[in-house]
Q: 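Can you read through this structure? Questions will come right after.
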Amino acid sequence: MKTILLSILLALAIHPQFKPGDMVPDSYVRAVGTDSFFTSEEIPDSIFSVMTGRSYPGNCTIRRSSLRYIKVLHKNAKGQTLVGELVAGKAIARDLLDIFKALYNASYPIERMRLIDIYDASDDLSMKHNNSSCFNYRTIGNTGKISSHGLGLAVDINPLYNPYWKKDKSGKELVSPAEGRPYVNRKASFPYKISAGDLCCRLFKAHGFVWGGDWRSCKDYQHFEKKN
């Protein structure tokens, strides 16, 4: 009974000594279990204040109540365990908890997972720092349509090493982030690479997501989205 009570108290406390981005000793995780590290909740006021004017600008048409603040554990390429966080649509919150827990249990490497607001909601800066993220309100260029990220239905994983690539009609290559150009060559070997059929792809697809690496007109190797 005492063990059960302790587990409940730990789960309710959500391990306040470990903040997003902190490294968590594996011995601690083994002692308390992983479940209480994988949480989804309505956006707390403290988080919403950080989002306001950044990923949640004044013209945002997405209801705060339709979003969720998610915390998980993830491993980096060094095998270190870190606390990750992101904001996502309520519709995919359960999927993401299941996916990230499976990735963590398999030691699948994700380097960084912090709110994009830390980068002033700049996609370029977040991608440059290989930060995995989800919600960031914006419309698709030259249209009034809200993007999948603006709906909280798209996730970018290890974006520096899995860039967006497209060749325009003149043959010019567009790579985003620009620092990801060395990783356009998918035959090369490098850390944090997402490949067709790897665990990350399999898990997202099993939960109904589409992978940008499968697109024909362009490639967005970091990108997984679920249709509304």
Side-chain angles (χ1 to χ4, degrees), residues 55 62 70 72 74 77 84 86-89 91-93 95-96 99-100 102-103 108-117 119-228:
S55 66
I62 305 302
I70 295 171
V72 303
H74 64 96
L86 49 73
V87 170
I92 66 169
D95 292 319
L96 295 186
I99 290 168
F100 286 123
L103 291 174
Y108 187 95
I110 297 175
E111 184 171 20
R112 186 172 288 108
M113 193 186 303
R114 299 298 309 279
L115 294 182
I116 198 167
D117 307 279
Y119 302 97
D120 205 27
S122 166
D123 286 316
D124 286 340
L125 192 57
S126 179
M127 289 189 293
K128 178 180 177 180
H129 285 83
N130 203 31
N131 183 56
S132 299
S133 65
C134 181
F135 174 76
N136 192 15
Y137 184 79
R138 60 180 184 267
T139 56
I140 299 174
N142 300 318
T143 76
K145 183 178 180 181
I146 302 173
S147 73
S148 295
H149 283 286
L151 294 170
L153 299 177
V155 184
D156 290 341
I157 304 294
N158 293 326
L160 174 62
Y161 297 92
N162 299 282
Y164 172 90
W165 173 90
K166 184 175 183 178
K167 185 177 290 187
D168 65 19
K169 293 180 180 179
S170 68
K172 182 180 179 180
E173 289 185 315
L174 170 64
V175 179
S176 181
E179 293 81 3
R181 184 171 291 276
Y183 309 110
V184 170
N185 178 10
R186 307 311 286 180
K187 294 182 180 180
S189 178
F190 47 83
Y192 300 112
K193 181 172 71 172
I194 298 173
S195 301
D198 77 0
L199 181 61
C200 188
C201 270
R202 296 200 311 272
L203 286 170
F204 272 100
K205 288 181 178 181
H207 284 266
F209 287 77
V210 173
W211 180 44
D214 288 330
W215 294 345
R216 300 184 67 178
S217 61
C218 64
K219 296 294 183 182
D220 200 353
Y221 296 108
Q222 64 194 261
H223 183 90
F224 296 92
E225 70 174 70
K226 198 167 190 178
K227 298 300 181 181
N228 202 357

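All values derive from a computational prediction rather than experimental measurement.
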Q: Are the side chains of Phe204 and Leu96 in contact, using a 4.5 Å heavy-atom criterion?
A: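 Contact flag for Leu96/Phe204 side chains = yes.
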Q: How many angstroms lie between atom OH of Tyr192 and atom OH of Tyr161, to the nearest 0.5 angstrom?
A: 7.0 Å
Q: Report the distance from atom CG of Asp117 to atom OG of Ser55, rounding to the nearest 0.5 Å.
A: 3.5 Å
Q: For the backbone of Asn158 and the side chain of Ser132, can you confirm whether one donor and one acceptor N or O come within less than 3.5 Å of each other?
A: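 Present.
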Q: Taking the side chain from His223 and the backbone from Asp156, do they hold a donor-acceptor pair closer than 3.5 Å?
A: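 Not at all, since once roles are kept as given, no pair shorter than 3.5 Å links the two residues.
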Q: Is there a side-chain contact between Gln222 and Met127 in this structure, where contact means two heavy atoms from C-beta onward sitting under 4.5 Å apart?
A: yes
Q: For side chain to side chain contact (heavy atoms under 4.5 Å, CB included), just list the numbers for Ile194 and Phe224, CA-CA rounded to whole Å, side-chain angles, deciding distance to a tenth of an Å, and then say yes or no.
A: CA-CA 11 Å; Ile194 298 173; Phe224 296 92; 4.0 Å; yes
Q: Keeping Trp165 on the side-chain end and Asp220 on the backbone end, is there a donor-acceptor pair under 3.5 Å?
A: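 No, Trp165 side chain to Asp220 backbone: no donor-acceptor pair under 3.5 Å.
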Q: Who pairs with Leu174 by side chain to side chain contact (heavy atoms under 4.5 Å, CB included), at least two apart in sequence or on another chain?
A: Tyr164
Q: By the salt bridge (charged side-chain N to carboxylate O under 4.0 Å, His left out) test, which pairs, at least two apart or in different chains, include something from residues 128-144?
A: Asp123-Arg138
Q: Verify, without hydrogens or angle tests, whether Asn130 (side chain) and Glu111 (backbone) share a donor-acceptor contact under 3.5 angstrom.
A: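 Flag not set: sc Asn130 to bb Glu111 has no pair under 3.5 Å.
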Q: Quick one: does Lys219's side chain have a donor or acceptor within less than 3.5 Å of a partner on Val184's backbone?
A: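 Checking the backbone N and O of Val184 against the side chain of Lys219, no donor-acceptor pair under 3.5 Å is found.
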Q: Who pairs with Arg181 by salt bridge (charged side-chain N to carboxylate O under 4.0 Å, His left out), at least two apart in sequence or on another chain?
A: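 By the salt bridge (charged side-chain N to carboxylate O under 4.0 Å, His left out) rule, Arg181 matches Glu173.
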Q: Would you compute the distance between atom OH of Tyr221 and atom CG of Asp214 and round it to the nearest 0.5 angstrom?
A: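 So the gap between those two atoms works out to 10.0 Å.
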Q: Nearest 0.5 Å, please: how far is CD1 in Ile157 from CD1 in Ile110?
A: 5.0 Å
Q: Quick one: do Phe209 and Asp95 satisfy side chain to side chain contact (heavy atoms under 4.5 Å, CB included)? Show the steps, please.
A: CA-CA 10 Å; Phe209 287 77; Asp95 292 319; 3.9 Å; yes
Q: Backbone N or O of Asp198 within a donor-acceptor pair of the Ser195 side chain at under 3.5 Å?
A: no
Q: Could you pull out all residues at least two apart from Asp124 that satisfy salt bridge (charged side-chain N to carboxylate O under 4.0 Å, His left out)?
A: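 So Asp124 forms no salt bridge (charged side-chain N to carboxylate O under 4.0 Å, His left out) with any residue.
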Q: What pair of heavy atoms forms the shortest contact from Ser217 to Lys166, and how long is it?
A: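 Smallest heavy-atom distance, with atoms named: O-CG, 3.8 Å.
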Q: Working to the nearest 0.5 Å, report the span between CD1 of Ile92 and SG of Cys134.
A: 4.0 Å
Q: Within the side chain of Lys193, is there an N or O that forms a donor-acceptor pair under 3.5 Å with the backbone of Tyr183?
A: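 Not confirmed, Lys193 side chain does not pair with Tyr183 backbone.
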Q: Please check: side-chain N/O of Asn136 versus main-chain N/O of His149, any donor-acceptor pairing under 3.5 Å?
A: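 No, because the side chain of Asn136 does not come within donor-acceptor range (under 3.5 Å) of the backbone of His149.
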Q: Test Ser133 against Leu86 for side chain to side chain contact (heavy atoms under 4.5 Å, CB included), laying out the working first.
A: CA-CA 6 Å; Ser133 65; Leu86 49 73; 5.6 Å; no
Q: Please enumerate all residues that pass salt bridge (charged side-chain N to carboxylate O under 4.0 Å, His left out) together with Lys172, with sequence neighbours excluded.
A: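 Counting only residues at least two positions away or on another chain, Lys172 forms no salt bridge (charged side-chain N to carboxylate O under 4.0 Å, His left out).
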Q: Please round to the nearest 0.5 Å and tell me the distance separating atom OG of Ser122 and atom CG of Asn131.
A: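 Output value for this atom pair is 11.0 Å.
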Q: Hey, are Asp168 and Ser170 close enough side-chain-wise for a donor-acceptor pair under 3.5 Å?
A: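 There is such a pair (donor and acceptor under 3.5 Å, judged by atom type) between the side chains of Ser170 and Asp168.
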Q: Return the set of residues passing salt bridge (charged side-chain N to carboxylate O under 4.0 Å, His left out) with Asp120 (not counting sequence neighbours), or none when no residue passes.
A: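 With sequence neighbours excluded, Asp120 shows a salt bridge (charged side-chain N to carboxylate O under 4.0 Å, His left out) to Arg54, given in chain and number order.
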Q: Of all the heavy-atom pairs spanning Met113 and Phe100, show the shortest one and how long it is.
A: CE-CE2, 3.6 Å
Q: Take Ile116 and Phe135 through the test side chain to side chain contact (heavy atoms under 4.5 Å, CB included) and record every step on the way to the result.
A: CA-CA 8 Å; Ile116 198 167; Phe135 174 76; over 6 Å; no
